[in-house]
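Report on the structure given below.
In what follows, chains are A, B, ... by sequence order, proteins preceding strands, each numbered from 1. Only a predicted model underlies this, so the values are computations on that prediction, with no experimental measurement involved.
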Number of protein chains: 2
Amino acid sequence: MKPETEFMEGPTQRQRDVLDAVLRLLVEEGDKITMASVARRASCSKETLYKWFGDRDGLLTAAVKWQASKVRVSPVDPRNPDLQSLTESLEGYARDWLKVISSDTSIALNRVAIGHAGTGKDNLGAIVLENGRFAMAKRLKPVLEAGRNAGLLCFEDTETAFRTFFGLVGRDVQIRLLLGDWPGLTEAAIAEDAARATRQFLALYGVGKSHSVKHGRK
Amino acid sequence: MKPETEFMEGPTQRQRDVLDAVLRLLVEEGDKITMASVARRASCSKETLYKWFGDRDGLLTAAVKWQASKVRVSPVDPRNPDLQSLTESLEGYARDWLKVISSDTSIALNRVAIGHAGTGKDNLGAIVLENGRFAMAKRLKPVLEAGRNAGLLCFEDTETAFRTFFGLVGRDVQIRLLLGDWPGLTEAAIAEDAARATRQFLALYGVGKSHSVKHGRK
DNA sequence: CAAGAACCGTAACGTACGGTACGCGCACGA
DNA sequence: TCGTGCGCGTACCGTACGTTACGGTTCTTG
């Protein structure tokens, strides 16, 4: 079930190559990839796969973690932002997020994680969530709170504010992509969506000159 | 691949019972349900399953369509709403939607549809999308436009306005549920979320007394 | 009631795939 | 130079499951 050493220092170069092959196959064939197809594509033997990753689930888990470790982005945290830099930060995060969720790899990974979420056999769903939605929250919350400290934003609960931003950015995009629909997210469309979401978020939570919108609980 | 008659008048009572059994099994076991387990649960023979539904995919497709046909809801369309009734309509739709996407059946169905979306073998994804996200749009758009005609809302593109509402209502709920997370949607939480989403939507698109927020394109 | 269809339960078949075993080549250290 | 070990390729095994076939039972219809 488990390899002797759960490579505590990260996978070796060769292992990383194998995991990249898994990711590519996942994009092409989805969850119906077979151990044999992985071995063929990665030019390694099945025995090696089992020695390194334990079993099929271990291989999938390792691939998901490997992908997660690749997408770490720069955690910029503007200390004392003005409205301009806050807006740019939010737009940047929104663009990054839309780019991620519309990428082939993310779609494929989310699909297999969702497929496995029903079985309870592994925790792929938790891993994807941790490195997707929750990682984004961790990155963004300091920005939101900095904006509040600077008197630019007004909210009580950071989590609620973040989730609102998340909804304004993502809308129906992710579910449509996962279900095979194609919302057509070009670079330009992403930029426009990010700008719109940021504008709407600031309209709701911004302490602007012309308006202040209530949004406390009932 | 296809049964002789694609039951043009809808499934018979017995067939509906079988499909209900499929739905129940889908909730319990996800996509790993077997033809044998369905036959056992539904007390029918495998031969009958193949005669009625062609093959495994046909059975799954029929089950998804059957579920879709069950959730048709009342298409209320307030003709000349005031702010009060518009708010209530929006909140009602939001509550319905949250209730649907957090139901066991919806989660299970979305999971199998997403799992199949990678393969291109069938169009489960399209069916789910058509009866989920797109059906909601079709129901809600007349309400939004009635609100605009009554001078309560202001937007250019109905689709864009709808997607904003969709995002404000759903936020991260659906993806978290699909990935096995449990946001804890009680009846009360749903009501509160629906109210908050409606409030935020009206803040963005409402022609209220105290403010008018710009949201046109750049 | 008789004849035939529909359907149930189960056995059987073929295949795909996860997992294992083994032989060979190649690199590296003594 | 000779082990020694890692990893590639491949053959093999067991099982699960989709699909088909068949005998027996119940339901419909004339």
Side-chain angles (χ1 to χ4, degrees), chain A residues 1-22 25-26 28-64 112 115-116 118-122 124, chain B residues 1-22 25-26 28-64 112 115-116 118-122 124:
Chain A
M1 182 64 97
K2 211 174 187 183
E4 333 143 1
T5 156
E6 183 84 355
F7 29 70
M8 47 198 76
E9 322 198 357
T12 68
Q13 181 56 48
R14 179 74 180 112
Q15 287 168 338
R16 274 176 267 161
D17 292 343
V18 171
L19 293 177
D20 279 327
V22 173
L25 269 175
L26 238 24
E28 294 171 20
E29 311 185 18
D31 202 6
K32 76 178 177 57
I33 68 170
T34 164
M35 298 299 278
S37 73
V38 171
R40 209 176 321 119
R41 175 68 70 98
S43 292
C44 71
S45 72
K46 287 208 286 173
E47 189 170 21
T48 302
L49 293 181
Y50 284 104
K51 175 185 253 185
W52 285 349
F53 306 105
D55 58 6
R56 189 176 187 274
D57 282 340
L59 179 62
L60 257 32
T61 304
V64 170
V112 323
H116 282 226
T119 75
K121 265 194 67 182
D122 44 30
L124 286 189
Chain B
M1 180 67 94
K2 211 174 187 184
E4 333 143 1
T5 155
E6 185 83 355
F7 28 69
M8 47 198 75
E9 323 197 357
T12 67
Q13 181 55 48
R14 180 78 180 105
Q15 287 168 339
R16 274 177 267 161
D17 292 343
V18 171
L19 292 177
D20 279 328
V22 173
L25 271 174
L26 238 24
E28 295 172 20
E29 310 186 15
D31 202 6
K32 75 179 176 56
I33 68 171
T34 83
M35 299 299 278
S37 73
V38 171
R40 211 176 321 119
R41 177 68 71 98
S43 293
C44 72
S45 73
K46 292 206 274 177
E47 188 171 20
T48 302
L49 293 181
Y50 283 101
K51 174 184 248 185
W52 284 349
F53 306 106
D55 56 8
R56 189 177 185 274
D57 281 342
L59 178 62
L60 256 33
T61 304
V64 170
V112 321
H116 281 225
T119 74
K121 266 194 68 183
D122 43 30
L124 287 188

- Quick one: side-chain contact (heavy atoms from CB on, under 4.5 Å) partners of A:Asp20, sequence neighbours excluded? A:Leu23, A:Arg24, A:Trp66, A:Lys70
For a 4.5 angstrom cut-off between non-hydrogen side-chain atoms, does [X] reach [Y]?
| X | Y | answer |
| --- | --- | --- |
| B:Val22 | B:Leu26 | yes |
| B:Asp17 | B:Arg14 | yes |
| B:Arg56 | B:Ile33 | yes |

Identify all pairs in which a protein N or O lies below 3.5 Å from an N or O of nucleotides 15-21 of chain D, and state each distance.
| unit_1 | atom_1 | unit_2 | atom_2 | d |
| --- | --- | --- | --- | --- |
| D:dG18 | OP1 | B:Arg56 | NE | 2.9 |
| D:dG18 | OP2 | B:Met35 | N | 3.0 |
| D:dT19 | OP2 | B:Tyr50 | OH | 3.4 |
| D:dT19 | OP2 | B:Arg56 | N | 3.2 |
| D:dT19 | O4 | B:Lys46 | NZ | 2.2 |

- Task: Kindly say if A:Trp52 contacts the phosphate of D:dG7, meaning a side-chain N or O under 4.0 Å from OP1 or OP2.
- Result: yes
- Before giving the answer on side chain to side chain contact (heavy atoms under 4.5 Å, CB included), spell out for A:Leu60 and A:Asp122 the whole-Å C-alpha distance, their side-chain angles and the decisive distance to 0.1 Å. CA-CA 10 Å; A:Leu60 257 32; A:Asp122 44 30; 5.6 Å; no
- Item | Separation of D:dG9 P from A:Arg41 CZ (nearest whole Å) | 14 Å
- Message: Nearest whole Å is fine: how far is D:dC6 C1' from A:Leu49 CG?
- Response: 14 Å
- Note on the structure: Those residues at least two apart in sequence (or on a different chain) that pass side-chain hydrogen bond (donor to acceptor under 3.5 Å, both in side chains) with A:Arg16 are A:Gln13
- Message: Among residues at least two apart in sequence or on other chains, which ones pass salt bridge (Lys or Arg N to Asp or Glu O under 4.0 Å) with B:Asp57?
- Response: B:Lys121
- Under 4.0 Å from any heavy atom of chain A: name the first and the last nucleotide of DNA chain C that qualifies, 5' to 3'. C:dC17 to C:dC22
- Of all pairs that satisfy side-chain hydrogen bond (donor to acceptor under 3.5 Å, both in side chains), the ones with a partner from residues 32-41 of chain B, not counting sequence neighbours: B:Glu28-B:Arg41
